[in-house]
Amino acid sequence: MPELPEVQTVVNTIAGQLIGRRIAGIAHHRQTIIHPRNFNLAGHLVGARIQSVHRRAKRIIFELNDNRYFYIHLGMTGHLSVQNSDAPVLKHTHLMIDLAPKSRRRSEKPAQLRFCDPRRFGGLFWLGGQPDTGDLGPEPLTMTARQLAKRLHQTARPIKNALMDQKLIAGLGNIYVDESLFASHIHPRDCANRLSLAQITELLSCIKRILRSAIRHRGSSVRDYRDGHGRAGEYQNLHRVYGRTGAACIKCSTPIQRMILGGRSTHFCPQCQKLRQ
DNA sequence: GTCCATGTTCTTTA
DNA sequence: CTAAAGAACATGGA
């Protein structure tokens, strides 16, 4: 489900409904999606107020009023939304956080933040007082080409694998790496440390343009992804290589090829993205 | 039954 | 030591 644009869109669609609200209770949760295991979630959350909600890489970071933090990762199929407490509970809903009413008006219906995740690759991660776990690379949207070049030149991995590495650059996933490499005419298997500064400058500029456009289009709904209102994104209609195996390249009509790199499907145009090695 | 899936982490292999 | 490759997690759709 979620790469940077999708996670940003979820934040954009739920933050306003959460900020300033007190957590009144935990209605239901499955312990295995809570980290660390056996963490007393209700004991730490109930009574706290949500101060801010923001995105870091693919994580949705919640700041509580007493300077404690946790984040929710959507994994591959996670959905996060604010719903009325009497709304039907979908199968695979693993966490429901009761929100205290915003006002005292009796007409306001009780609401819950709900986390639903069929494959359970996602979860809630308690951070305590330290929001920066130190295991993530820079944000692509604020990174400089020099910064990216320095990091890429330290590894001989294929550029596709390097860009998927959250410690090297944080927030990209399979869709946006493939799309960015196509846009910058770089073969996915080109060695990261053999790319020129000019190529990396172009690559980063494509990454930024594509991510911004994807956020404007509220993410890519290929399969499972929905925003905080349950609404699909639109950027999947603008994919040029991802999921287009065998279809004609939008620039040169050559059939888009698919190969496996880093254990993931990798889509590219063999004509527009020549291997330079 | 088969293969595939927007992610991360751990283990095995080279 | 490094890094590549593979498996694992769990569920569902084509």
Side-chain angles (χ1 to χ4, degrees), chain A residues 1-11 30-37 55-60 71-80 90-94 115-125 133-137 140 151-181 188-194 207 210-211 213-215 217-228 231-246 258-267 277:
Chain A
M1 158 168 186
E3 300 180 35
L4 188 154
E6 290 75 36
V7 178
Q8 185 65 56
T9 303
V10 171
V11 168
R30 178 192 280 267
Q31 189 61 40
T32 58
I33 60 134
I34 310 297
H35 303 84
R37 270 195 222 295
R55 179 194 61 75
R56 164 74 171 117
K58 301 173 190 173
R59 301 172 179 176
I60 301 171
Y71 73 85
I72 287 178
H73 196 295
L74 299 173
M76 202 84 107
T77 56
H79 296 100
L80 203 55
L90 294 179
K91 193 177 173 183
H92 305 301
T93 297
H94 306 307
F115 175 64
C116 174
D117 181 16
R119 287 173 77 180
R120 278 183 256 153
F121 290 171
L124 182 150
F125 299 75
T133 50
D135 58 350
L136 292 171
R151 291 173 163 262
L152 289 179
H153 286 161
Q154 287 170 357
T155 179
R157 280 178 292 176
I159 183 63
K160 157 92 180 193
N161 304 38
L163 294 175
M164 294 286 286
D165 181 350
Q166 303 297 299
K167 286 190 287 295
L168 198 151
I169 179 171
L172 300 178
N174 214 25
I175 294 176
Y176 297 103
V177 167
D178 283 5
E179 292 298 318
S180 300
L181 289 175
R189 213 162 50 208
D190 271 342
C191 292
N193 61 2
R194 292 193 190 170
I207 289 172
I210 286 169
L211 291 178
S213 175
I215 292 169
H217 289 86
R218 301 180 358 272
S220 300
S221 290
V222 171
R223 208 180 176 111
D224 297 289
Y225 167 70
R226 294 293 183 275
D227 70 15
R231 189 171 168 219
E234 300 289 342
Y235 194 74
Q236 66 280 5
N237 301 318
L238 299 174
H239 292 173
R240 296 183 161 200
V241 287
Y242 183 85
R244 296 193 66 243
T245 309
R258 174 179 172 272
M259 64 177 176
I260 303 296
L261 269 183
R264 310 298 300 277
S265 278
T266 298
H267 314 75
Q277 26 188 2

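Every heavy atom of this structure was used, including side-chain atoms; hydrogens, water molecules and symmetry mates were not. Nothing here was measured: the structure is a model prediction, and the numbers come from that model. Letters A, B, ... mirror the listed sequences (proteins, then strands); counts begin at 1.
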### Contact summary for A/P140 and A/I169, nearest pair of heavy atoms
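Closest approach of A/P140 to A/I169, heavy atoms only: CB-CD1, 3.8 Å.
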
### Message
Restricting to non-hydrogen atoms, name the atom on A/Y235 and the atom on A/S213 that form the minimum distance, rounded to 0.1 Å.
### Response
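Closest approach of A/Y235 to A/S213, heavy atoms only: CE1-OG, 3.4 Å.
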
### Task
Give one of base, sugar-phosphate or nothing for A/G173, where a contact means two heavy atoms less than 4.0 Å apart.
sugar-phosphate

### Task
Have a look at A/Y242 and say if it touches a base, only the backbone sugar-phosphate, or nothing, with a 4.0 Å heavy-atom cut-off.
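Sugar-phosphate, no base atom in range.
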
### Task
Check the angle between the aromatic planes of A/H35 and A/F125 and answer parallel, tilted or perpendicular using the 30° and 60° thresholds.
parallel

### Aromatic ring pairing A/H239/A/Y176, orientation class (parallel under 30°, perpendicular over 60°, tilted between)
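It falls in the perpendicular class, over 60°.
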
### Query
Under the 3.5 Å rule, do the base of C/dA4 and the side chain of A/R157 count as making a donor-acceptor pair?
no

Please list each protein N or O that sits under 3.5 Å from an N or O in nucleotides 12-14 of chain C, with the distance.
residue : atom : partner : partner atom : Å
C/dG12  : OP1  : A/K91   : NZ           : 3.3
C/dG12  : OP1  : A/H92   : NE2          : 2.7
C/dG12  : N2   : A/R223  : NH2          : 2.6

How long is the line joining [atom1] of [X] and [atom2] of [N], in whole Å?
X      : N      : atom1 : atom2 : result
A/R30  : C/dA10 : CZ    : C1'   : 10 Å
A/L74  : C/dA10 : CG    : P     : 19 Å
A/K160 : C/dA4  : NZ    : P     : 15 Å
A/Y176 : B/dG7  : OH    : C1'   : 15 Å
A/M259 : C/dA5  : CE    : P     : 11 Å
A/H79  : C/dA10 : NE2   : P     : 19 Å
A/H267 : B/dC4  : NE2   : P     : 11 Å
A/N193 : C/dA4  : CG    : C1'   : 15 Å

### Under 3.5 Å donor-acceptor, A/R231 side chain and A/D227 backbone
no

### Query
Is it true that a side-chain atom of A/E234 and a backbone atom of A/A232 form a donor plus acceptor pair closer than 3.5 Å?
no

### Task
Quick one: list whatever passes ring pair (Phe, Tyr, Trp, His ring centres under 6.0 Å) with A/F121, sequence neighbours left out.
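For A/F121 there are no ring pair (Phe, Tyr, Trp, His ring centres under 6.0 Å) partners, ignoring immediate neighbours.
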
### Task
Starting from the 5' end of DNA chain C, give me the residue, A/F121 or A/L261, whose nearest nucleotide shows up first.
A/L261

Produce the list of close N/O pairs, under 3.5 Å, pairing protein atoms with atoms of nucleotides 8-11 of chain B; give distances to one decimal.
residue : atom : partner : partner atom : Å
B/dT8   : OP1  : A/H73   : NE2          : 3.0
B/dT8   : OP2  : A/K58   : NZ           : 3.0

### Message
When you measure from the side-chain N and O atoms of A/S265 to the phosphate of B/dA5, is any distance below 4.0 Å, counting only OP1 and OP2?
### Response
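For A/S265, the contact criterion (side-chain N or O under 4.0 Å from OP1 or OP2 of B/dA5) is met.
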
### Task
Select one nucleotide: of B/dG7, B/dC4, C/dA10, the one nearest the side-chain heavy atoms of A/R258.
B/dC4

### Task
Go through B/dC4, B/dG7, C/dA10 for me and flag the one nearest to the A/M76 side chain.
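Of all the options, the side chain of A/M76 is nearest to B/dG7.
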
### Message
Only Watson-Crick and G-U wobble pairs, only distances under 3.5 Å, only runs of 3 or more: what stems does that leave for DNA chain B?
### Response
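Detected stem regions: B:2-5 with C:11-14, B:7-14 with C:2-9.
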
### Query
For A/R157, which residues count as a side chain to side chain contact (heavy atoms under 4.5 Å, CB included) partner, sequence neighbours excluded?
A/T155, A/N161, A/D165, A/L168

### Task
Could you list the residues that satisfy side chain to side chain contact (heavy atoms under 4.5 Å, CB included) with A/T133, not counting sequence neighbours?
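By the side chain to side chain contact (heavy atoms under 4.5 Å, CB included) rule, A/T133 matches A/R59, A/L127, A/D135.
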
#### Entry: Check against salt bridge (Lys or Arg N to Asp or Glu O under 4.0 Å), A/D178 and A/K160
CA-CA 8 Å; A/D178 283 5; A/K160 157 92 180 193; 2.7 Å; yes

Indicate whether any N or O donor in one side chain lies under 3.5 Å from an N or O acceptor in the other, for [X] and [Y].
X      : Y      : answer
A/Y225 : A/E3   : no
A/R258 : A/S265 : yes
A/D117 : A/H94  : no

Between [N] and [M], how far apart are the two [atom1] atoms, rounded to whole Å?
N     : M      : atom1 : result
B/dC3 : C/dG6  : P     : 15 Å
B/dG1 : C/dC9  : C1'   : 22 Å
B/dT9 : C/dG12 : P     : 24 Å
B/dT8 : C/dG13 : C1'   : 23 Å

